[in-house]
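What follows is a short report on a single structure.
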Amino acid sequence: MANPKYQSPKGVHDILPDDHLYFSFVKKVVRHHCRRAGFRRISTPIFENVDVFNRSIGGTSDIVEKEMFLFESKSGKKFALKPEGTAGVVRAYLEHGMSSLPKPVELYYIEPHFRYNRPQKGRYRQFHQIGFEVIGESDPAIDAQIIYTAYRINQDLGISDRLKLQLNTIGSMDDRQKYKEDLINFYTGKERSLCEDCKRRMHENPMRLLDCKVEDCQILASMAPKLETVLSDESKEQFQLLQDYLKELGVKFELNPTLVRGLDYYSHTVFEFWNSSQGSQNSTGGGGRYDGLIELMGGQPTPAIGYAAGVERMIELMKEVGIEPPNKDKVAIFVAQLGNVAKKKSLPLINQLRDQGINTVGAIGKSSMKSQMSLADRLGADYSLILGEVEVREGTIILRNMNRGSQETIPVEGIVEKMVELLGGKSLSEKKMWEE
Ligand code: HAM
């Protein structure tokens, strides 16, 4: 419709059937790699008490300052639609006593998220993230494994050649406290050259000033003291070990000392996968360590690390690269019939074919054979099975090869087995997907 009366809200999209082929493929790849690496799936609610996000993501982050969808219950409780997954997972980890589970606790999610930002390509108000969190281990070998899993997912989606892994360390909490003081000293007296956002953030979170996109702020940021100068030996050693492990795993990375990430909970390792043709604006995913977050949320001091990627951004990249996901929706057989007797016989036949895992459509309406064949064509069916009164009487069926346009009349007995054989095991959708 050219101008429909109702449209989806700005920045929010329907996922139409063609896009679901990509979504299903992404989910399948993610599930596969997460399971192989010992993760179990978790879903947290679409909305949480707003404090869960304020406390964890941080009051000076863009997300908390301006991007949350906020609403109030009738009794005045404040909630927010979840803008990211880590805060909710940590809340659930603490609420359900998961700290008593064997460590590390490894969880993954595939969920919608919401951010109220200005919609543009790759930036939406409702988007989906796949993410994983490993709670309870500080060994950089875990950082390397997390990054490797993310890398393997990108590889299986066919997009890893277009992504550059950016890697940095932002040090321990102590390192950052020292660095914060250095930065405040540096910026003091230069406030007039800063944008309004930076002026406001300068005392609370001066590290955010380093990734401000305003030109004057960037010039100052390039002259600001570097974090390396305050990194403790332990932080340096952890970061070096991570790099050694990544090299051992064959994962290429670029060291990026300006990468700080926009959420306050990070410490030590931070990383992002950048689309090499588009820079930071279109990172498909990012993550890092958040060793202080669990304590901040009321738990025991517990190290943790995680990663999340935007499904829409990965799919956009897959399309750019020309990756086509497997089409599990494709109709393999169309069953056409003429007359009531034939229609009755075609109904159980359709079910028998479906039970064998063959996508089958048919026994629809009362149209002529010509229009049924044209529908079979438009659905892209490989074969049509045609039943008329004569065929029912004689115990036969017409098998039409839709690609070749040839047909033959054969006995109806054994037709299901014959179709299984013709389509070959591979083209059959899994018979019992739920047993997978
Ligand atoms: P994030 O970098 O804010 O990290 O988001 C991760 C990914 O979500 C981004 O790289 C991007 O692909 C996608 N994304 C974010 N905002 C939007 C948007 N408005 N529209 C479309 N896609 C978007 C986090 O969310 C952290 N929780 C990651 C993490 C997990 N860190 C530790 N554990």
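Heavy atoms only: backbone and side chains are in, while hydrogens, waters and symmetry mates are out. By convention here, the first residue in the shown sequence is residue 1. Both counts, for ligands and for their atoms, begin at 1 and track the order of listing. Note that the coordinates shown come from a computational prediction; the quantities given were computed from them, not determined experimentally.
Protein heavy atom in closest approach to atom 8 (O) of ligand 1: Q129 NE2, 3.1 Å. The protein heavy-atom contact nearest to atom 21 (C) of ligand 1 is G122 O, 3.2 Å. Nearest protein heavy-atom neighbour of atom 11 (C) of ligand 1: R313 NH1, 3.6 Å. Atom 30 (C) of ligand 1 has as its closest protein heavy atom T86 OG1, 3.1 Å. If you check which protein heavy atom lies closest to atom 15 (C) of ligand 1, you get R115 NH1, 3.5 Å. Protein heavy atom at the shortest distance from atom 13 (C) of ligand 1 is G310 CA, 3.6 Å. Scanning the protein for heavy atoms near atom 31 (N) of ligand 1, the closest one is Y266 OH, 2.6 Å. Protein heavy atom at the shortest distance from atom 9 (C) of ligand 1 is S283 O, 4.0 Å.
Every atom of ligand 1 with a heavy atom of G285 under 4.0 Å away is listed here by number and element: 10 (O). For ligand 1, the atoms lying closer than 4.0 Å to a non-hydrogen atom of G287 are 31 (N). Close approach of ligand 1 to Y124 (heavy-atom distance below 4.0 Å) involves ligand atoms 18 (C), 19 (N), 20 (N), 21 (C). Atoms of ligand 1 lying under 4.0 Å from any heavy atom of Y265, numbered from 1 in the order shown and given with element: 26 (C), 27 (N), 31 (N). Close contacts between ligand 1 and E133 involve ligand atoms 30 (C), 32 (C), 33 (N) [criterion: under 4.0 Å to a heavy atom].
Contact between G131 and ligand 1 is absent, with no heavy atom of the residue lying under 4.0 Å from the ligand.
Geometric assessment of K190 against the ring of F186 yields a positive cation-pi assignment under the 6.0 Å and 45° thresholds. Taking the centre and axis of the six-membered ring of F273, the NZ or CZ atom of K164 falls outside the cone set by 45° and 6.0 Å. By the 6.0 Å and 45° rule, R125 stacks over the aromatic ring of Y116.
The shortest heavy-atom contact between M202 and L194 is SD-CD1, 4.1 Å. Summarising the geometry of A376 relative to M402, their closest heavy-atom pair is CB-CE, 3.8 Å, with the distance given to 0.1 Å. Considering every non-hydrogen atom in both I15 and H20, the closest pair reads O-CD2, 3.4 Å.
Atom CG of L242 sits about 7.5 Å away from atom CD1 of I305, to the nearest 0.5 Å.
Ion pairing of E204 with R201 is absent here, as no side-chain N (NZ or NE/NH1/NH2) approaches a carboxylate O to less than 4.0 Å.
At a 4.0 Å heavy-atom cut-off, ligand 1 touches R261 through the side chain alone.
Environment of NZ in K78: sparse, with no more than 12 heavy atoms of neighbouring residues, nucleotides or ligands closer than 6.0 Å. Taking a 6.0 Å sphere around CD of E95, one finds it holds more than 12 heavy atoms contributed by other residues, nucleotides or ligands.
Around atom 17 (C) of ligand 1, the closest heavy atom drawn from Y290, Y116, Y307, F127 belongs to F127. In the candidate list E316, E84, K82, E84 is nearest to atom 27 (N) of ligand 1, counting heavy atoms.
Inclusion of T284 in the set of residues having an N or O under 3.5 Å from an N or O of ligand 1 is warranted. For F132, no nitrogen or oxygen atom sits less than 3.5 Å from a nitrogen or oxygen atom of ligand 1, counting backbone and side chain alike.
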| said: salt bridge (charged side-chain N to carboxylate O under 4.0 Å, His left out) for D62 and R208? Distances and angles first, verdict last. | reply: CA-CA 10 Å; D62 283 346; R208 288 299 313 283; 3.6 Å; yes

